Amino acid sequence: MGPMLYLVGMATSRKHSANKSTIEAAGTAVAKRSISERALGQPDPGHDTGYLDELNVEQRAAVEALDGPVLVLAGAGTGKTRVLTTRIAHILSTGRARPYEILAVTFTNKAAREMKQRVGQLIGGAVEGMTWLGTFHAICVKVLRRHAELVDLKSGFTILDTDDQIRLLKQLIAAENLDPKRWPARQFAGLIDSWKNRGLRPDQVPAGEAASFANGRGKELYSAYQTRLKELNAADFGDLLLESLRLFQQNPDVLAIYQKRFRYMLVDEYQDTNVAQYLWLRLLAQGSANVACVGDDDQSIYGWRGAEVDNILRFEKDFPGARVFRVEQNYRSSGHILAAASGLIAHNRGRLGKSLFTAIGDGERVGVESHWDDEAEARAIAERIEELRAAGHALNEIAILVRASFQMRAFEDRFVTLGLPYRVIGGPRFYERAEIRDATAYFEITLNPANDLKFERIANTPKRGLGQASLQKIQRHAKARGIPIYFAAREIIETDELGPRQRRTLADLIATFERWRALIDDLPHTELAELILDESGLTAMWQRDKSPQAHSRLENLKELVRFMEAFESLAGFMEHVSLVMSAESESDGDRVSLMTLHAAKGLEFDTVFLPGWEEGLFPHQRALDESGLAGLEEERRLAYVGLTRARRRAQVCFAQNRRVHALWQSAIASRFVDELPEDHVEVVEGPGGGGGGNFGGYATSRFANAGHGFGGSHHTPGWQRAQRHQKSAKTGGPRSSPTIEGELVAAGDVSSTRFGAGERVVHQKFGEGTIVEVDGNKLLIAFDGGSNKRVVASFVQPAGSA
DNA sequence: TTGTTACTATTTTTT
DNA sequence: ATAGTAACAA
């Protein structure tokens, strides 16, 4: 069905007659396109603009509109980054600006890196001159370091990470004699963050909101927090933006410098900007007004952390004379997938409207399938993956996108038992891991003893008998003398304030730091780092640790030192650490990717599995409760993002029963499932097609629709239902028999293993255990953690073999 | 000061 | 269920 150029998606927006014309325009685009494309295909005489030939008409128009405000609405897979990078190349090659006169902002370091690299491909070494290409935060830091004194900071200010922030807030809450249980620091951190996202300083917070925390003392507390930050010469992430905004607002002369400097401005993912970023940008754009924002309102999925879709919807009003370009040819997905995604997103009301089309052809329809529960779901998907692999598909081209990270467990369990290589994307970032934070805290104090929060972090890590009692004494002394804790500690060891034992350990610690500090200039920084890791006892601490992750933590520490080699000095490295909170390294091997939908934005795969499309989970109940219709629409955009990640195959599924927390709940299909346009969907119906051998019970756990599921086929005993009613069950089936039918796969590789029953082994995820039974290449292991699992032999190692 | 037990919250996540 | 945290006891 369908013409070569497949047209999909209706621009659905109540407003703008413009959208109507979009539909019509899209209708005629097929014919017009090829003609105008040919017409424009001729190289523009005069300039060396070969890079423009790579673009289609729409992209090219967006690139060539250099003057004045421009909004580029670039749908999923339409070459958004290409437009941005080519635009930069165009500005440079037409001599409109020098590299350092272009401001290009992204949200993530990854995006910044990619942009830099791709601009480099277009224009060569000149990218190095693009000093103002980076994340909002990185650019703000750069500005703030130059003018720190104007916002009550010193140029060497430190950037607080989340841990530091929480620790500080805890202290403040305690100082105000508030019940830390009733007023958790975490929650307050979130509140402050949301204020900062909206560009609100303490005096600007609406009274009602400020009163909502700490018995109405929220505002005072926020204010106290800011004061404390200045005392510590520190800024949190929100401050980077907020303070540079204040800098511009309160110092017109400084603002003028940057307005003049940035002749051209480009913003990536504009739909993700928050109010503070918007205000910041608008101030700067009042200079040259050559601001180009690229984004897709349909992919705005970060509303919950302050992003304002409104920014993109309002663009034409905010930037008078703005021109809007739509880039609508999708180069990623085949027809049915794109059509399904477009049909789904058409249910949203507040959107600018786009009609994506693809020339790739119809391809496969989007599969819709239901399963009995989350385990059956994982089993079925893993099975499909095995099939794809057997058919020659690379695992790297397969992804499973979930709504919430707890869903990953079922898949991980399944993959581990099958021995299917997978990788989890997202999760705790490298620099957020405890061992890395501890290590960097030691580095930081060596460089900068005045960093109180870091000192507090490691004073008793590893445990050295300096508990909170001692720490409090030091803190009190520091406060009384008005000096940083480190120096207070150095003074207090001269007194009898502490017990003799604590006094000695503290003196030791301080002396060690002094010794390290003396070595900064004499020792290569990586060697110093290794020395610090050893002498601090951190290495020993993890070597002693018997938990299954201890080994990987040690690996991480080694990785950290390796990572440092890329920097010139310890100080250079530390500056980097505070801003670049990611260091992905493991991209090796052919693996299935497992991640949240949020983490998937910007990625693409041949095959995408979208499990868990159930009411309450997706759309998530909380999104609905907290944000109503807006929340629902954001969830729908998330579904849209998920579908549009797929190039050739997308498989949606939902479970009829899902364990939420501890108890089983019956689930109903997500409304999004029924919003998919029927013509582009392939429903896997009923148990009829099953009968896959002896394991029919699992192979046939596919029902057309939940709700009507006559789930009681031969292999679905009543215990599930029983479970639902009497949620007492201690040994729910899943736990005690995790992998009854592990035989389904891995049958090809039954070579005996080097293991025997009774041997001690280590598993990366489950820790140590004893082999109970050997069955081909699969081992039944009683893990010390108390669980019995069946695991493929290649996933374990003999215990004790480092 | 450290280790134990009780209690609670549990979407998404960058900088 | 479970993990992370906070109060409590040794």
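Values in this document were obtained by computation on a predicted structure and should not be read as measured data. Just so we're on the same page: letters track the sequence lines, and every chain starts at 1.
Annotation: A:Lys463, atom NZ; neighbour count of heavy atoms from other residues, nucleotides and ligands within 6.0 Å does not exceed 12.
Contact of the A:Asn348 side chain with the A:Tyr640 side chain is not registered, since no non-hydrogen atoms from C-beta on lie closer than 4.5 Å. Contact of the A:Ile485 side chain with the A:Glu456 side chain is registered, since non-hydrogen atoms from C-beta on lie closer than 4.5 Å.
In this structure, the CZ atom of A:Phe107 is 9 Å from the C1' atom of B:dT14, given to the nearest Å. Look at CG on A:Asp236: it is 10 Å from C1' on B:dT15, rounded to the nearest Å. Spacing between atom CZ of A:Arg636 and atom P of B:dT11 amounts to 22 Å, rounded to whole angstrom units.
OP1 and OP2 of B:dT14 both lie 4.0 Å or more from every side-chain N or O belonging to A:Asn109. When the side-chain nitrogen and oxygen atoms of A:Asn460 are compared with OP1 and OP2 of B:dT2, one or more of them lie within a distance under 4.0 Å. At the phosphate of B:dT14, neither OP1 nor OP2 sits under 4.0 Å from any side-chain N or O atom of A:Thr135. For A:Arg464 and B:dT1, the shortest distance from a side-chain N or O to OP1 or OP2 is not below 4.0 Å. The shortest distance between the side-chain N/O atoms of A:Thr162 and the OP1/OP2 oxygens of B:dT15 is not below 4.0 Å.
Among the heavy atoms of the strands lying under 4.0 Å from A:Lys170 are primed sugar atoms or P, OP1, OP2 only; no base atom is included. Among the heavy atoms of the strands lying under 4.0 Å from A:Glu626 is at least one base atom, whether or not backbone atoms are also near. Using a 4.0 Å heavy-atom criterion, one finds that A:Leu241 contacts no nucleic acid atom at all. Backbone-only contact: A:Gln468 has heavy atoms under 4.0 Å from sugar-phosphate atoms and none from a base.
Proximity note for A:Ser405 (side chain, C-beta onward) versus B:dT12, B:dT1, B:dT15: the nearest is B:dT12.
A donor and an acceptor atom, one from each side chain of A:Gln226 and A:Asp239, are located under 3.5 Å apart.
Here A:His620 packs flat against the base of B:dT11; its ring centre is closer than 5.5 angstrom to the base's six-membered ring, tilted by less than 30 degrees.
Annotation: A:Trp280 is not in aromatic contact with A:Tyr278 [ring centroid separation under 6.0 Å not met].
For residues 616-627 of chain A, every residue pair satisfying the side chain to side chain donor-acceptor pair (under 3.5 Å) rule, not counting sequence neighbours, is listed here: A:Gln621-A:Asp625, A:Arg622-A:Glu626.
Taking every heavy atom of residues 293-308 of chain A and every atom of DNA chain B, pairs under 4.0 Å involve A:Trp304, A:Arg305, by number.
Under the ring pair (Phe, Tyr, Trp, His ring centres under 6.0 Å) criterion, A:His147 pairs with A:Tyr258, not counting sequence neighbours.
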